[in-house]
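Please read these numbers as outputs of a predicted model, since none were measured by experiment.
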Amino acid sequence: MLRGHTSGLAVPTFVVDAPGGGGKIPVGPNYLISSSDTGVVLRNYEGVICMYPEPEAYSWECQQACSICDKHPGLKSGTGIAKLYDEENDIIALEPESLERKKAFLKKRVKEINQENLLKSKKL
């Protein structure tokens, strides 16, 4: 009942501090992409997709008597969100190519390297 009737500061929001530089992500339908027994996949406002792993002691077993997993053993994939669930992979976040803060960081770093090279060339 609070949403829509009070100011935004008065409405509590549960957030997760996502690993891999994902920032704080509200836990809600617009940000939750997937969940499984190994973790939860979230997307932040920038489009960064990251996996928040479940604790190692957590256990969960599928209660459904379907045969999807048995019929499709190749569901595990090295692309997209499946890459986050792959235990052989150390990836904890997927970033879009057009991520603005990444572009800004690279631009700043290139400028710093150019300035360092210019100073070195003046010393010679």
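Contact record, Tyr31 with Tyr45: CE2-N, 4.5 Å, taken as the closest heavy-atom pair. For the residue pair Ala18 and Cys50, the shortest heavy atom distance occurs at CB-SG, 3.2 Å. What you find for Pro26 and Thr13 is that their closest heavy atoms are CB-CG2, 3.9 Å.
Two residues are said to be in side-chain contact when any heavy atoms from C-beta on lie closer than 4.5 Å; Asn30 and Arg43 fail this criterion. At least one side-chain heavy atom of Glu46 sits under 4.5 Å from a side-chain heavy atom of Arg101.
Checked options Lys120, Glu116, Lys122; the residue passing with Leu118 is Lys122 (criterion: side-chain contact (heavy atoms from CB on, under 4.5 Å)). Of the residues listed (Val16, Leu42, Val41), the one engaging Leu32 in a side-chain contact (heavy atoms from CB on, under 4.5 Å) is Leu42, and it is the only one.
Hydrophobic clustering (ILVMFWY, side-chain heavy atoms < 4.5 Å, transitive): Ile25 and Val27 are in one cluster. Hydrophobic clustering, with ILVMFWY side chains joined whenever heavy atoms are under 4.5 angstrom apart, groups Phe14 together with Tyr52. When hydrophobic clusters are built by joining Ile, Leu, Val, Met, Phe, Trp and Tyr residues whose side-chain heavy atoms come closer than 4.5 Å, directly or via intermediates, Leu99 is not grouped with Ile49.
Distance check, rounded to the nearest 0.5 Å: OG of Ser98 to NZ of Lys103 gives 5.5 Å.
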